[in-house]
Enquirer: 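This is the structure, below, for whatever I ask next.
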Amino acid sequence: MDVVNGVGGAFVSLEDLHRSYQLGEARVEALRGINLQLKKGEFTAILGASGSGKSTLLNMLGCIDVPNKGRVLIDGVDILRLTEGAKSRFRNERLGFIFQSFNIIAVLSVYDNIMLPLLINPLIPASERHQRVMDLIVDVGLEPQARSLSNKLSGGQRQRVAIARALVTDPVLVLADEPTANLDSETTQQIIDVMMSMNAKRHVTFFFSTHDEKLIRQVNRVVRIKDGRIVE
Amino acid sequence: MILAKLGIRNFWLQRQRNLFALSAIAIGVTGLICIGGYIDRWEHTLRTDTIYMRGQGMVSIYRKNGWLMSRSLPKKFSLTRSDQDKIYAIIEKLPGVERVGSVLNGSGLISNGCHSQPFEIRGYDLAVDQWMRERPIVKKWCANSLRFIRGQSFATTAPGPLIGIATGLAGLIGKSAVKALTSSAGPLTSLTEYCSGPGAAARIAEDSNVQLMAMTASGHFNATDADIAHVFSTGSKVNEDTQLTAPLSLVQDLLQTDRVSSVAIYLEDFRRTDAVARDLRERLSQAGLSYDVHVWNERKLSPMYSGLMNFLHAMSLFCTLLIGSVVVLAVVNLTTMNVLQRSREMGTLKAMGFGSGALVQIFFVEAAVLGVLGCLIGTGIAKVLAIGIGHAGIHFTPPGSSVAQDFLIVPDVLTIFEVVVFVLALVALSAAATAWALGRRSCLDLLTHSA
């Protein structure tokens with residue numbers, strides 16, 4: 001992969017990002033020239049109303065959507081220049097995803113869910129995988145449930161599994177789309193604590209969308225988006 | 001391992017939905033094994049009948065064009081004593097040969113003393129006849145043909161000029177008795193009285209004696225007396241009214257020749273037929289001998305075997321296509337439902353970096369579980385059906401057959417293996433192709449348009 005410098009040497013750099021969709025007869029401008037830089041290890045929240053373009057922006061960063069115009073650099077890699085196979089590898093090796101609905105595989109155990117991304121990761125030797133998974137299970141406080149099936153867990157426990165799964169490959173960037181939206185306030189705080197402790201302990205850059213005021217008060221930086229534009 | 005676990009657990013989770021596809025696969029496997037078992041039964045029977053009961057052997061040696069011409073021009077197209085010696089000398093060195101016998105075919109008229117009917121006769125070695133009747137494979141697959149309708153084999157009947165006669169021909173000349181059962185007809189006072197006097201039909205029927213008339217190899221007319229040792233069924237309506245069998249010596253006496261039509265070779269393993277035939281041709285050629293070497297399953301030599309097997313295979317191909325289509329549709333339907341329902345799971349895996357191949361692998365595992373279970377159940381049902389049908393003692397008379405046959409389903413291990421491999425491949429490919437086609441949707445599409 002070619003390494004390119006972002007604006008001001010930023011770790012993540014979005015430059016003049018545009019994305020529009022055809023929705024029936026109407027053309028929806030989801031992103032209208034986004035420029036954004038993130039530093040390594042930042043714990044950043046993106047805030048905006050529903051339909052403001054938060055999820056689209058996260059999808060761009062996660063290499064699962066492509067802009068109509070602009071450039072996305074993550075850790076020096078222009079991800080829009082990657083082939084589909086290279087994007088898959090990039091997602092596996094450099095990115096972690098935390099979804100609003102947890103998206104954990106219900107029929108697999110906590111351990112197996114966290115192990116999943118390692119199965120196709122060539123950078124982490126098979127001999128290290130078990131320990132890595134167990135360490136994360138301890139970190140997110142799920143040791144007693146390690147062998148339980150995921151469908152037996154509460155919402156908060158499922159999101160902890162998702163966090164551990166997102167971190168197991170030592171990604172450079174973790175993307176979370178409203179990670180606490182489906183949780184009660186007590187569980188939300190627990191999840192925030194887990195994410196922040198992971199951010200502090202592993203120096204992983206977190207970028208997540210949220211509506212949660214409680215969460216916003218605790219982050220390093222808040223980015224606001226409105227009608228597809230950053231209004232920081 | 002985790003992907004396998006994922007496949008197996010999803011299979012269990014969707015067990016109710018899987019039940020339909022599982023039933024379709026199990027019924028399909030049962031059907032294919034039963035069809036295969038039915039074909040296997042006829043394959044064994046017809047092959048054994050062709051090779052042993054018709055005295056043809058696996059490989060037979062004729063003079064050039066002798067198969068076609070030796071009956072009509074025996075002097076030119078049959079094997080002389082010298083030919084036979086040379087051929088036997090070559091066969092002695094041939095590996096894999098279990099038994100060798102000479103065959104002389106002829107034709108003529110058979111008479112009950114009052115009227116005559118045309119016949120075709122096959123003379124063969126009595127030792128070969130006895131050996132063949134003791135073979136387990138013959139007893140197993142040709143039990144009907146081995147069983148005489150009346151009488152006993154040449155070897156167990158009192159010596160003398162003996163023949164075996166097909167039921168149809170026996171009926172045409174009014175003969176129902178065999179040598180062992182014959183009471184003395186008493187001194188013949190008048191042929192007219194014997195043939196048309198009071199009780200003539202019963203008298204003729206009780207008399208095992210017949211007269212055989214034929215053109216000799218040198219073109220003269222010859223006749224001999226013979227006794228009916230047994231009445232047999234050829235199994236085929238086509239030649240039920242014409243066939244006679246006899247010891248080789250009787251047919252040679254009748255045709256006034258020491259020649260034979262062919263030399264039949266019986267191998268230890270019929271699967272080596274083509275290899276042995278090739279080897280034999282080479283050895284004959286090296287010895288400067290020019291004879292025709294035929295194998296038992298050539299269409300012209302065994303039209304019954306070839307014709308029926310071709311028909312059965314065509315029928316089975318048609319059934320296989322039908323059953324295969326049902327299995328494919330059931331699996332495609334099931335996989336489509338599974339893939340659509342689990343779009344989010346697939347999208348999540350793609351987001352983690354899994355490629356389409358890995359996703360196909362998951363559905364492949366599920367299909368494999370489905371296929372293996374379906375094959376196990378289907379094979380079990382087929383075995384139970386086969387045993388049940390075997391014990392039910394169902395008989396039927398196939399078209400062209402002169403005798404009723406047992407309705408049997410006897411699938412070979414190879415047939416079961418082929419069916420299982422075919423169905424597993426079909427199931428796996430259908431699932432993989434469907435998962436591949438549906439799983440090519442983008443990660444975003446899978447994540448946002450999940451069922």
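The chains referred to below are lettered A, B, ... by the order of the sequence lines, with proteins before strands, and numbering in each begins at 1.
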Enquirer: For A:Asn103, is it the side chain, the backbone, both, or neither that has a heavy atom closer than 4.5 Å to a heavy atom of chain B?
Expert: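 Both parts, backbone and side chain.
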Enquirer: Does any heavy atom of chain B fall under 4.5 Å from the side chain of A:Leu119, the backbone, both, or neither of them?
Expert: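 For A:Leu119, side-chain heavy atoms alone lie under 4.5 Å from chain B.
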Enquirer: Is the backbone N or O of A:Val66 less than 3.5 Å from a side-chain atom of A:Arg19, with the two atoms forming a donor-acceptor pair by type?
Expert: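 A pair under 3.5 Å: yes.
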Enquirer: Any donor-acceptor pair under 3.5 Å linking the side chain of A:Asn113 with the backbone of A:Ser109?
Expert: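 Yes; at least one donor-acceptor contact below 3.5 Å.
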Enquirer: Can you classify the ring geometry of B:Trp141 versus B:His44 as parallel (below 30°), tilted (30 to 60°) or perpendicular (above 60°)?
Expert: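 Judged by the thresholds at 30° and 60°, the geometry between B:Trp141 and B:His44 is parallel.
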Enquirer: Under a 3.5 Å distance rule, please check whether B:Lys350 uses its side chain to pair with a backbone N or O of B:Ser356 as donor and acceptor.
Expert: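 Pair absent, no side-chain N/O of B:Lys350 close to backbone of B:Ser356.
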Enquirer: Give me the ring orientation class for B:Trp42 and B:Phe396: parallel if the planes are under 30° apart, tilted from 30 to 60°, perpendicular past 60°.
Expert: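 The rings of B:Trp42 and B:Phe396 stand perpendicular, inter-plane angle above 60°.
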Enquirer: Could you tell me which of A:Pro117, A:Gly85, A:Ser88, A:Ser101 has the largest number of non-hydrogen atom pairs under 4.5 Å with chain B?
Expert: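 Looking at each of A:Pro117, A:Gly85, A:Ser88, A:Ser101 in turn, A:Ser88 comes out on top.
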Enquirer: Given heavy-atom pairs under 4.5 angstrom as the criterion, report whether the side chain, backbone, both or neither of B:Leu349 touches chain A.
Expert: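 Side chain only.
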Enquirer: Given heavy-atom pairs under 4.5 angstrom as the criterion, report whether the side chain, backbone, both or neither of A:Leu116 touches chain B.
Expert: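 Both backbone and side chain of A:Leu116 come within 4.5 Å of chain B.
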Enquirer: Measuring heavy-atom distances to chain B, does A:Ile104 have an atom under 4.5 Å in its side chain, in its backbone, in both, or in neither?
Expert: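 Neither part, no heavy atoms under 4.5 Å.
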